[in-house]
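Each remark here refers to the structure printed beneath this line.
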Amino acid sequence: MPAAHARSASLATDPVGQFFASLTRPGHLATFEGESATLRFDVLDGERVDRWHVTVVDGDVTVARRNSPADLVARIQRPDFEAMVTGRMNAQAALLRGLVTFEGDVAALMMFQRCLPGPAGSTGRVAPISSKKVMAERRAS
């Protein structure tokens, strides 16, 4: 099998690659309107680290494979991230269990979790709450 074909075949079956591709397909996500942040996900796979850099500007989303500074840098093992992007694991539960570590802006992490799928069989979505509102409520308490 030629190398180019092997690579495209692996991307077609990779849940992480599929998830990030799904973010850029529409180009604009209403759930991120009014939000802006840069996030980098370091997905650890043995000795290899796949880096996904996500830029959100007022709902417009771009994704690149690069190691660049970001408002938030999250690190997670590939099997755990696959479980998150396929709806088998809740992002907040993963964070509380120490499966995700991060540096930077927690508001960006709270914003990003809104694009993750729910568990199989779930219907609908709750109305999005802005990360600014979450942080304001946190400071007020």
Side-chain angles (χ1 to χ4, degrees), residues 2-141:
H5 183 65
R7 183 169 186 247
S8 64
S10 66
L11 288 176
T13 59
D14 173 30
V16 173
Q18 289 174 351
F19 169 74
F20 284 115
S22 75
L23 293 182
T24 60
R25 219 170 280 125
H28 182 84
L29 295 175
T31 191
F32 291 156
E33 281 182 13
E35 303 278 355
S36 295
T38 56
L39 306 96
R40 191 181 82 218
F41 294 89
D42 293 349
V43 182
L44 311 172
D45 190 4
E47 296 292 317
R48 195 173 95 209
V49 178
D50 291 328
R51 291 184 172 87
W52 299 87
H53 193 274
V54 179
T55 303
V56 178
V57 178
D58 193 21
D60 294 334
V61 180
T62 57
V63 177
R65 303 283 305 267
R66 67 176 188 252
N67 184 13
S68 296
D71 299 325
L72 169 92
V73 176
R75 290 174 189 82
I76 186 168
Q77 295 291 326
R78 175 171 279 282
D80 298 327
F81 197 64
E82 286 179 3
M84 283 176 43
V85 301
T86 58
R88 296 186 327 255
M89 183 187 304
N90 177 277
Q92 287 188 4
L95 184 64
L96 292 172
R97 290 170 51 199
L99 301 175
V100 178
T101 60
F102 73 94
E103 296 172 7
D105 187 3
V106 70
L109 185 62
M110 301 307 290
M111 174 203 71
F112 185 78
Q113 77 172 353
R114 294 193 316 249
C115 71
L116 294 170
S122 64
T123 59
R125 291 193 176 258
V126 297
I129 181 171
S130 78
S131 56
K132 291 177 182 110
K133 183 174 181 179
V134 170
M135 296 309 290
E137 289 175 3
R138 182 175 176 210
R139 283 189 287 272
S141 58

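Of all heavy-atom pairs spanning Gly34 and Asp58, the tightest one is N-OD1, 2.6 Å. Contact between Leu23 and Cys115 at its shortest, heavy atoms only, is CD2-SG, 3.8 Å. The minimum heavy-atom distance between Pro15 and Thr86, with the atom names listed, is CB-CG2, 3.8 Å. Closest non-hydrogen pair, Val85 versus Pro117, comes out as O-CG, 3.2 Å. Trp52 and Gly17 make their closest contact through CH2-CA, 3.7 Å (heavy atoms, listed as atom of the first residue, atom of the second, distance). The shortest heavy-atom contact between Arg114 and Thr31 is NH2-O, 2.5 Å.
Asp60 pairs by the salt bridge (charged side-chain N to carboxylate O under 4.0 Å, His left out) definition with nothing, not counting sequence neighbours. Residues meeting the salt bridge (charged side-chain N to carboxylate O under 4.0 Å, His left out) test with Arg75, sequence neighbours left out: Asp42, Glu103. Qualifying side-chain contact (heavy atoms from CB on, under 4.5 Å) partners for Leu99, counting only residues two or more places apart in sequence or in other chains: Asp80, Met89, Ala94, Arg97. Applying the side-chain contact (heavy atoms from CB on, under 4.5 Å) test to Thr62 and every residue at least two apart in sequence or in another chain returns Thr55. The side-chain contact (heavy atoms from CB on, under 4.5 Å) test applied to Thr24 returns Val63, not counting sequence neighbours.
Separation of atoms CZ (Arg65) and CZ (Arg51) is listed at 10.5 Å; rounding is to 0.5 Å. Taking CG from Leu44 and OG1 from Thr101, the interatomic distance works out to 7.5 Å, rounded to the nearest 0.5 Å.
Leu95 places none of its side-chain heavy atoms less than 4.5 Å from the side chain of Gln113. Under the 4.5 Å side-chain criterion, counting only non-hydrogen atoms from C-beta, Arg78 is in contact with Asp50. Counting heavy atoms from C-beta outward, Glu82 and Asp14 have side chains that approach closer than 4.5 Å. Counting heavy atoms from C-beta outward, Arg66 and Arg40 have side chains that stay 4.5 Å or more apart. Counting heavy atoms from C-beta outward, Val49 and Asn67 have side chains that stay 4.5 Å or more apart.
For residues 54-81, the set of pairs meeting the ring-ring contact (aromatic ring centres under 6.0 Å, His included) definition, not counting sequence neighbours, comprises Phe20-Phe81, Phe41-Phe81.
Side chain of Asp71 to main chain of Leu39: no donor-acceptor pair is present (N/O by atom type, distance under 3.5 Å, no hydrogens or angles).
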